[in-house]
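Inspection log for the structure reproduced underneath, given as structure tokens.
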Amino acid sequence: MSERSIRILLAVSLALNVFVLGAAAGAGYIWQAQQGQRDRAGDQRGLRFAAAGLSPDQRKAFRQALAEARRQSAADIEAARAGREAVARLIEAEPIDAAAVNETLTSVRQADMALRSRLEQAIVTFATGLMPADRARLVDGLRGRSNMLRRAGEK
């Protein structure tokens with residue numbers, strides 16, 4: 001082989017390697033972008049995204065109403081968190097005390113329901129001040145959130 005043909009082969013090999021690396025990097029970029037979209041979609045499960053179809057001022061008022069309901073439920077949120085930790089410890093214990101686990105789960109459910117009740121009341125109070133078309137957009141957002149959570153639960 002001549003020196004010229006070796007140089008041509010090296011150039012072709014280099015071009016092929018650059019092409020393969022570029023394709024791999026492009027595929028990685030596309031995959032990462034898709035993961036980012038999935039992560040952002042997962043972040044939008046919160047109630048505040050149910051008001052996405054409303055005006056900016058209405059969305060702000062909606063978020064403030066939810067934040068106030070959560071502030072009022074701080075004790076319930078903490079009780080539920082502590083209860084879940086207690087359930088985990090009870091399940092890890094040997095032997096498992098099923099009665100204590102069930103009792104703790106009951107208190108967690110009560111705390112969760114108290115928070116849910118406050119949030120639902122905040123949504124209803126907020127919705128009463130909206131025009132019918134805005135209420136319909138809010139309901140659509142709440143339904144979309146509910147469907148997203150259902151699909152996530154199925155997975």
Side-chain angles (χ1 to χ4, degrees), residues 16-155:
L16 184 60
N17 284 330
V18 168
F19 174 76
V20 169
L21 287 174
Y29 176 78
I30 290 169
W31 177 83
Q32 187 176 16
Q34 289 171 342
Q35 286 298 112
Q37 286 175 340
R38 286 187 196 111
D39 292 344
R40 284 188 295 281
D43 289 344
Q44 293 184 7
R45 285 184 282 189
L47 275 174
R48 66 184 181 278
F49 292 99
L54 300 177
S55 73
D57 290 338
Q58 290 170 329
R59 284 193 306 267
K60 183 178 179 183
F62 185 71
R63 286 192 308 268
Q64 288 173 344
L66 293 177
E68 180 59 30
R70 285 188 181 103
R71 272 193 294 279
Q72 291 174 0
S73 299
D76 295 319
I77 293 169
E78 179 57 29
R81 186 196 61 74
R84 287 185 184 91
E85 289 175 4
V87 167
R89 283 192 305 276
L90 289 168
I91 290 174
E92 290 174 343
E94 205 46 57
I96 294 177
D97 183 358
V101 171
N102 288 330
E103 182 179 320
T104 306
L105 283 173
T106 299
S107 69
V108 168
R109 274 188 229 105
Q110 289 171 347
D112 285 341
M113 289 306 296
L115 170 62
R116 182 180 177 131
S117 176
R118 279 199 183 94
L119 289 172
E120 288 170 344
Q121 186 57 47
I123 291 169
V124 169
T125 302
F126 174 78
T128 59
L130 295 176
M131 299 299 291
D134 294 331
R135 280 197 306 266
R137 283 194 287 279
L138 179 64
V139 168
D140 286 343
L142 291 169
R143 283 185 183 138
R145 177 186 178 275
S146 177
N147 291 336
M148 187 186 316
L149 291 175
R150 182 183 45 77
R151 285 190 305 271
E154 291 170 356
K155 291 179 184 176

What side chain to side chain donor-acceptor pair (under 3.5 Å) pairs are there with at least one residue in residues 79-91, not counting sequence neighbours? Glu78-Arg81, Arg81-Glu85, Arg84-Asp112
Indicate the atoms forming the closest heavy-atom contact of Thr104 with Ala86, along with that distance. CG2-CB, 3.9 Å
Test item: side-chain donor near acceptor, Glu68 and Gln64, under 3.5 Å: no
Would you say the side-chain atoms of Arg59 pair up with the backbone N or O of Leu54, donor to acceptor, closer than 3.5 Å? yes
Contact summary for Ala122 and Ala65, nearest pair of heavy atoms: CB-O, 3.8 Å
Step-by-step side-chain contact (heavy atoms from CB on, under 4.5 Å) determination, Leu90 to Ile96: CA-CA 6 Å; Leu90 289 168; Ile96 294 177; over 6 Å; no
Do the charged groups of Arg137 and Asp134 touch, with an N to O distance under 4.0 Å? yes
With ring pair (Phe, Tyr, Trp, His ring centres under 6.0 Å) as the rule and sequence neighbours excluded, what pairs involving residues 50-101 come up? Phe62-Phe126
Note: Leu142 and Ile123 closest approach over all heavy atoms is CD1-CG2, 4.1 Å
Do any pairs count as a side chain to side chain donor-acceptor pair (under 3.5 Å) and have a residue in residues 115-133, sequence neighbours left out, and if so which ones? Ser73-Arg118, Asp76-Arg118, Arg116-Glu120, Gln121-Thr125
Shortest non-hydrogen contact from Ala127 to Leu138? CB-CD2, 4.1 Å
For a quick check under 3.5 Å, do Glu103 and Thr106 share a side-chain donor-acceptor pair by atom type? no
Rounded to the nearest 0.5 Å, what's the gap from CG on Asp97 to CG on Asn102? Could you check? 9.0 Å
